[in-house]
Protein chains: 2
Amino acid sequence: MDGDTRETIREVAIDLFSTRGFDQTSLREIAERVGLTKASLYYHYPSKQALLTAIVSPLLDGWRAVTDEAEGMAHTPDNVRHVLTTLLDVMVVNRPLASVLLRDPAGVVAAAGPLWQDMIDVATRLTNWVAGPEPTVAQRLRAIAAMEVLRAAYSSITYLREEVADAEMREVLLDSALGALRR
Amino acid sequence: MDGDTRETIREVAIDLFSTRGFDQTSLREIAERVGLTKASLYYHYPSKQALLTAIVSPLLDGWRAVTDEAEGMAHTPDNVRHVLTTLLDVMVVNRPLASVLLRDPAGVVAAAGPLWQDMIDVATRLTNWVAGPEPTVAQRLRAIAAMEVLRAAYSSITYLREEVADAEMREVLLDSALGALRR
DNA sequence: GTCTATAAGAGGATAGAC
DNA sequence: GTCTATCCTCTTATAGAC
């Protein structure tokens, strides 16, 4: 059974957006891979932008959940570790999906509009929490750096040919992020 | 004197590519901002791709210089610090230019072709050197993470509203990258 | 060196038959 | 739900006058 055409379209789109980029991927290509015509896609999604939104939303939801939880917690070393761990989980789970953002930020920005602003806002809130209360500029820079380390979960696809076990990646990157954070 | 039209075009293109993305920026927009017509651009650059190449090449050259120097050095803690420092300098100096790459990697990949492969190759060589001789998977992950920290030089534009002095940024990010690297 | 005019094509999106 | 056919707009790029 291939019951859910809508879901198939979403999966194909994730694959293409994450490798070729959002702008570089035409609806014709997606339709071809799914085995439909361009016009048929519009029955399932009213626009290319709507398709993008359907793809990206789960990641935003994940970030928001982590952020909401964090902001209810005191900024202790244990809690920082916990928050970074949870965030890393979200990133690893949504790996293919997040590549969509990294492949063509400009295209996503142009298409996603307010959704993108939401992502910036959530990411900013999270970075601010990680930086701690009344942070110095240096602490804020370190917080940004720590977040960038987690991004290595995606870059590693480019640079490491061999497969890395999710568990090892989580462990190493968490420790590395904490290293980037402390003075 | 506005003697060098060619250089003016390059500067306007960097500005637009880095904010709107390579694909999202049309030659019409560039021409408009420069005060020429689209057709006139083609007198100075034979194609949009050639324009991109002219923009990106200096960054590639910078990376290559750092990489070549690194590969002639032993992998000692002092040398690692030196290499990361030099790389950070290159990134800070070429900040607007590097944003072109980050804004629309997919578009750049599609247009730059072999040039892009060169960049991947150089970045890979550098990451490998930073990981040290016969590295474990964990060491390679940490090397990737350290490189990502340097990228915070660019992300900080998004997250830090206030201006950060180049000197402070270099100091903090270098220390943070070293923190990400060590176990 | 810069212009006007135009070619040649791809993209997203819609109308309406089946 | 899927199709064919079409619209409209925008793009990169070229031809040729000045």
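All chains are named by letter (A, B, ...) in the order of the sequence lines, taking the proteins before the strands, and each is independently numbered beginning at 1.
In terms of phosphate contacts, B/Y43 brings no side-chain nitrogen or oxygen within less than 4.0 Å of OP1 or OP2 of C/dT2. The side chain of A/T37 contributes an N or O atom lying less than 4.0 Å from OP1 or OP2 of D/dC3. Contact between the side-chain N/O atoms of A/S40 and the OP1/OP2 oxygens of D/dG1 is not found at any separation under 4.0 Å.
Applying the salt bridge (charged side-chain N to carboxylate O under 4.0 Å, His left out) test to pairs two or more places apart or on separate chains, those with a residue in residues 24-35 of chain A are A/D15-A/R33, A/R20-A/E29, A/R28-A/E32. Note on residues 172-183 of chain B: pairs passing salt bridge (charged side-chain N to carboxylate O under 4.0 Å, His left out), not counting sequence neighbours, are A/R142-B/D175. Sorted by first and then second residue, the salt bridge (charged side-chain N to carboxylate O under 4.0 Å, His left out) pairs with a member in residues 90-107 of chain A read A/R95-A/D166; sequence neighbours excluded.
Separating the CG atom of A/L41 from the C1' atom of D/dT2 is a distance of 11 Å, rounded to the nearest angstrom. Whole-Å rounding puts the B/H44 NE2 to D/dT12 P distance at 17 Å. At whole-Å resolution of the value, OH in B/Y42 and P in D/dG16 are 17 Å apart. The CD atom of B/E32 sits 16 Å away from the C1' atom of C/dC3 (whole-angstrom rounding).
In this structure, A/E7 contributes its side chain and A/D4 its backbone to no donor-acceptor pair below 3.5 Å.
Taken to the nearest 0.5 Å, the CG atom of A/L141 stands 8.5 Å off from the OG1 atom of A/T136.
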Please list, for nucleotides 7-11 of chain C, all pairs of protein and nucleotide N/O atoms separated by less than 3.5 Å.
{"unit_1": "C/dG11", "atom_1": "OP1", "unit_2": "A/S26", "atom_2": "OG", "d": "3.4"}
{"unit_1": "C/dG11", "atom_1": "OP2", "unit_2": "A/R28", "atom_2": "NE", "d": "3.3"}

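Looking at A/L181, A/T86, A/T76, A/L178 one by one, the single match for side chain to side chain contact (heavy atoms under 4.5 Å, CB included) with A/R81 turns out to be A/L178.
A search for ring-ring contact (aromatic ring centres under 6.0 Å, His included) contacts involving B/H82 returns nothing, not counting sequence neighbours.
Smallest separation of non-hydrogen atoms from A/M119 and A/W63: CE-CZ3, 3.7 Å.
Scanning residues 103-119 of chain A for heavy-atom distances under 4.0 Å to DNA chain C yields an empty list.
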